[in-house]
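What follows is one structure encoded as structure tokens, with my remarks underneath.
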Amino acid sequence: VQLQASGGGLVQAGGSLRLSCAASGRTWNNYAMGWFRQAPGKEREFVGGVSWSDGRAYYADSAKGRFTISRDNAKNTVYLQMNSLKPEDTAVYYCAASYGGLGYRPYEYNYWGQGTQVTVSS
């Protein structure tokens with residue numbers, strides 16, 4: 001069972017990045033996939049997530065209108081498209097999988113990717 005996050009980098013404020021989370025090692029149809037982020041000195045926080053089965057996506061208030069989550073079932077990959085990035089979006093971004101449905105707290109997730117750094121310069 002493996003989640004591989006990628007796509008992070010350095011971008012100027014107002015720019016865009018697309019993160020990818022490739023899932024392997026099992027059937028993911030019954031899982032919800034979430035994106036979290038953790039800035040230095042802060043707790044890991046929910047960014048958004050998607051139900052693998054029906055594709056419904058949910059977002060934190062900080063992400064609404066700027067971030068979009070999508071999935072490619074054929075590739076077992078979930079994407080986080082981030083637009084209009086702000087310096088406060090700077091964090092390590094993690095993808096995670098939850099068998100119990102879409103949750104908003106890290107402890108609700110069973111599997112985690114390794115994280116990818118996103119840095120937004122002002």
Side-chain angles (χ1 to χ4, degrees):
V1 177
Q2 192 172 23
L3 299 176
Q4 184 74 32
S6 61
L10 173 64
V11 64
Q12 289 187 334
S16 298
L17 281 174
R18 189 178 78 158
L19 306 184
S20 300
C21 178
S24 61
R26 69 183 308 120
T27 301
W28 296 97
N29 289 344
N30 295 324
Y31 284 79
M33 304 297 290
W35 285 99
F36 288 78
R37 67 187 183 186
Q38 189 166 18
K42 295 187 177 182
E43 294 185 351
R44 193 168 297 189
E45 64 174 1
F46 178 78
V47 174
V50 62
S51 172
W52 199 275
S53 58
D54 61 17
R56 292 182 63 185
Y58 301 85
Y59 302 93
D61 288 343
S62 59
K64 288 178 182 176
R66 300 188 300 127
F67 295 1
T68 302
I69 295 175
S70 61
R71 60 192 174 95
D72 184 332
N73 287 352
K75 296 183 178 180
N76 274 356
T77 300
V78 176
Y79 303 98
L80 177 64
Q81 176 67 44
M82 303 185 294
N83 299 327
S84 302
L85 283 163
K86 306 174 182 180
E88 51 263 44
D89 294 318
T90 295
V92 177
Y93 283 70
Y94 299 89
C95 61
S98 168
Y99 186 74
L102 188 65
Y104 299 89
R105 297 173 180 83
Y107 69 79
E108 297 178 277
Y109 286 76
N110 307 99
Y111 304 103
W112 289 84
Q114 84 287 5
T116 184
Q117 176 71 46
V118 171
T119 302
V120 184
S121 63
S122 58

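Since the structure is predicted, the reported quantities are computational estimates derived from the model, not experimental observations.
From Gln38, atom CD reaches atom CD of Gln117 across 11.0 Å, with rounding to the nearest 0.5 Å. From Ser98, atom OG reaches atom CE of Met33 across 10.0 Å, with rounding to the nearest 0.5 Å. Note that the OG atom of Ser122 and the NZ atom of Lys86 stand 14.0 Å from one another [nearest 0.5 Å]. Once rounded to the nearest 0.5 Å, the distance linking CD1 of Ile69 with CH2 of Trp35 reads 8.5 Å. Atom CE in Met82 sits 11.0 Å away from atom OG1 in Thr68 (nearest 0.5 Å). Note that CD of Gln4 and CG of Asn76 are 14.0 Å apart. Values are rounded to the nearest 0.5 Å.
No side-chain heavy atom of Arg56 sits under 4.5 Å from any side-chain heavy atom of Leu102.
Closest approach of Ala32 to Gly101, counting heavy atoms only: CB-C, 3.5 Å. In terms of heavy atoms, Asn83 sits closest to Ser16 at OD1-OG, 2.9 Å.
Tyr58 and Val47 are assigned to two separate hydrophobic clusters, defined by single-linkage of ILVMFWY side chains at heavy-atom distances under 4.5 Å. Criterion: ILVMFWY side-chain heavy atoms under 4.5 Å apart, direct or through other members. Under it, Tyr111 and Val78 are part of a common hydrophobic cluster. Both Tyr59 and Leu85 belong to a single network of hydrophobic side chains, linked directly or stepwise wherever heavy atoms of I, L, V, M, F, W or Y lie under 4.5 Å apart.
Applying side-chain contact (heavy atoms from CB on, under 4.5 Å) to Arg37 and the options Asp89, Thr116, Thr90, Leu80 leaves one that passes, Asp89. Just one of Ser20, Cys95, Cys21 meets the side-chain contact (heavy atoms from CB on, under 4.5 Å) condition when paired with Tyr79; it is Ser20.
For residues 84-110, every residue pair satisfying the ring-ring contact (aromatic ring centres under 6.0 Å, His included) rule, not counting sequence neighbours, is listed here: Tyr31-Tyr99, Phe36-Tyr109, Phe46-Tyr104.
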